[in-house]
Amino acid sequence: MHIPDGFLSLPVCLAMGLVSLVILGIALRQVERQFADRLVPLMGVSAAFIFAAQMINFPVLGGTSGHLLGGTLAGVLLGPWAGTLAVMVVFGVQALLFQDGGIVALGANLFNMGFVGTFLGYYLYRGLRTLLGGTSWLATATGTAVASWVSVVTASALVAVQLALSGTVNLAVVLPTMVGVHALIGIGEAILTVGVVSFLWRTRPDLIFEPPAPPLLEAVQPVKESIRGR
Amino acid sequence: MILLHVPTFSLAAYAQGDSFWHRLQPRVRLAVALLLVLGAVLLPEGAWNYWGLYAAVLAILMLLSQVSPVALLRRLAVELVFVGVLLLTILLSGRGTPLWTWGPLVIADGSLLTFASVLVRSALSLWVLNLLTLTTAAPSLLQALAGFGCPALLVRVLESMLRYVAVLVDELGSMQRAAQARSGARALLRWNILGNLLGALFLRTYGRGERTYLAMQARGFTGRFPEADARPWRPDERLVTAAAALFAVSTLTLAWWRL
């Protein structure tokens, strides 16, 4: 989903670049307030973690492969602003040093995958979790799965719209292709994100951003019920 | 089958060279590269002559910087494959008069022109950026970013991330091997193992970040970094940057004027 250079027109690049610059500035300020002098080491390793997680390729139909984008994962683990910053740093490094995604198109890539992927993913996850009761594993898992699928598909639809706005492709051709492929990639994203969150839920639930009720209570619950049953 | 793909080529393999290009400070190299990318990317469709000019300039830069053309081509080929999927949708988008039909697949002249233009643009910009990253070490590139007004805090995060990427990728690789050894499975990895793997990696990562922070604090870190003062631009560096800017602006005006 990384848009390379040469696909987008100047107005689209400029507009997306400006929007991303503003978001990056806000994210930086918010995270600085939250982490203070821990910002550099913690954001650095978190971004490195997202970068490493993106190196896992999984198969999609027809021999192509997709990889984790990690927006929702970053949002669930680090919160919306710190997650956005970490993911944006990853895409910046990929564009500058690894030629994955263009330099002129960087603004669009940051917006699609960095901001929409993380923010939409995070708030959808929070909303669903609250709707479904909030503290159970089922609510968290459902929220995570749906949020990661929807955020990947939305980001891919945005890519299609930007390509069409640039006059590179017809929307009627590119939208179904992009959304179709990413509906499959999104399933992989959802499985992996739920897998990671499930591991952390079992081992260190306090590390999940705005952690749900500690699992200790859940462990006590059946004991309480059995006592009441007598 | 789930694979771990790790970029095998090393960054900045030609950073130690001694040439005119290498003697320019990283800020100048970054500026020249960005100007060339902007110029090549913003040219109108079908501006073949101008793209030829850019290719010539890049070929001269490549010879000057003593980067091996074979190594560069190999990297370009890998990177263009990743661009390929999007390129195919452009080729088959069917704008203009059809030239060639095969079942539901139609290649029309309009989309062929867009396809070729986009291909040339991405190839040229990849060429520029590969030249830059092959000859310039990542830390100096990030310092150059700071010199252009990128927030210092962001540059520090980028530096700290680059420091840990190699460590974490190594760690991920060894965790993968360990998981395979324990499961004895033929398949490289299974989904449920992978979730645990990444979760464990996050735990280790987070702990490492905390430890690094404490170590920095123990050494008197207050959240502020001493800033290295950048060397002022030499006259020839100003000249090179001005020439690049002039080249980009003049090709753009000429090309858009004609159309």
Side-chain angles (χ1 to χ4, degrees), chain A residues 2-7 10 24-25 28 32 36-49 51-53 55-59 64-65 67 77 85 89-90 92-93 96-100 102-104 163 168-170 173-174 177 181 191-192 194-200 203-204 207, chain B residues 1-7 11 34 37-38 41-42 79 82-83 85-86 89-90 93-95 114 118 121-122 125-126 129-130 133 138 141 151 153-154 156-158 160-165 168-169 172 191-192 194-196 198-203 205-206 208-209 212-213 216 221-223:
Chain A
H2 296 61
I3 308 175
D5 275 336
F7 282 71
L10 183 62
L24 189 61
L28 209 57
E32 199 177 0
D37 55 348
R38 295 149 50 117
L39 185 145
V40 170
L42 277 185
M43 281 296 103
V45 287
S46 303
F49 166 72
F51 190 97
M55 283 180 177
I56 290 167
N57 273 26
F58 47 80
T64 53
S65 69
H67 66 78
L77 296 184
L85 185 65
V89 162
V90 171
V93 165
L96 192 65
L97 298 177
F98 295 92
Q99 279 77 52
D100 200 359
I103 288 282
V104 185
L163 286 175
T168 316
V169 218
N170 297 342
V173 176
V174 76
T177 323
V181 171
I191 298 176
L192 268 184
V194 171
V196 177
V197 174
S198 132
F199 177 83
L200 290 172
T203 46
R204 287 285 302 276
L207 276 188
Chain B
M1 187 166 74
I2 295 165
L3 294 166
L4 198 67
H5 83 102
V6 177
L11 282 168
L34 288 183
V37 170
L38 265 179
V41 164
L42 297 180
E79 287 155 8
F82 283 98
V83 182
V85 179
L86 272 176
T89 57
I90 296 180
S93 68
R95 267 187 316 191
T114 314
V118 170
R121 280 186 198 137
S122 355
S125 63
L126 285 176
L129 289 171
N130 274 312
T133 47
L141 212 53
L153 210 54
L154 191 61
R156 298 303 173 184
V157 173
L158 285 168
S160 140
M161 176 211 172
L162 273 182
R163 166 67 185 80
Y164 286 107
V165 159
L168 287 195
V169 169
L172 191 59
W191 290 99
N192 54 346
L194 205 59
N196 295 349
L198 282 179
L201 186 69
F202 180 75
L203 282 187
T205 304
Y206 210 80
R208 197 185 292 266
T212 311
Y213 164 67
M216 283 160 84
F221 178 67
T222 56

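All of these numbers come straight from a predicted model, not from anything done at the bench. Residue numbering restarts at 1 for every chain, and letters A, B, ... go by the order of the sequence lines.
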Region of [X] in contact with chain A, defined by heavy-atom distances below 4.5 Å:
X	result
B/Leu42	side chain
B/Ser125	side chain
B/Ser122	both

From [X] atom [atom1] to [Y] atom [atom2], the distance as rounded to the nearest 0.5 Å:
X	Y	atom1	atom2	result
B/Leu201	A/Phe199	CG	CZ	10.0 Å
A/Leu77	B/Phe202	CG	CZ	4.5 Å
B/Leu168	A/Phe49	CG	CZ	8.5 Å

For residues [X] and [Y], report the shortest heavy-atom separation together with the two atoms involved.
X	Y	answer
A/Pro41	B/Gly209	CB-O, 3.8 Å
A/Ala48	B/Met161	N-CG, 3.7 Å
B/Pro151	A/Leu28	CB-CD2, 3.8 Å
B/Val41	A/Gly6	CG1-N, 3.8 Å
B/Leu172	A/Ala52	CD2-O, 3.5 Å

Top residue by heavy-atom pair count (under 4.5 Å) with chain B, among A/Asp5, A/Val173, A/Val169?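 Winner by heavy-atom pair count: A/Asp5.
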Find the one option among A/Leu163, A/Val174, A/Ile103 whose heavy-atom pairs under 4.5 Å with chain B are most numerous.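 Option with the greatest count: A/Ile103.
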Under 4.5 Å heavy-atom distance to chain B, tell me which part of [X] shows up: side chain, backbone, both or neither.
X	value
A/Leu96	both
A/Val196	both
A/Thr177	side chain
A/Val194	neither
A/Leu10	both

Could you check B/Leu162 against A/Leu97 for side chain to side chain contact (heavy atoms under 4.5 Å, CB included), going step by step and ending with a plain yes or no? CA-CA 10 Å; B/Leu162 273 182; A/Leu97 298 177; 3.6 Å; yes
Taking side-chain contact (heavy atoms from CB on, under 4.5 Å) as the test, write out the residues that go with A/Arg204, two or more places apart. A/Asp206, A/Leu207, B/Leu203
Does a side-chain heavy-atom distance below 4.5 Å link A/Val40 with B/Tyr213? no
Could you check whether any side-chain heavy atom of A/Leu24 comes within less than 4.5 Å of a side-chain heavy atom of B/Leu154, counting everything from C-beta outward?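 Result yes, sub-4.5 Å side-chain heavy-atom pair found.
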Between B/Thr212, B/Leu129, B/Val37, B/Leu141, who has the most heavy-atom pairs with chain A when the cutoff is under 4.5 Å?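 Highest number of pairs under 4.5 Å: B/Leu129.
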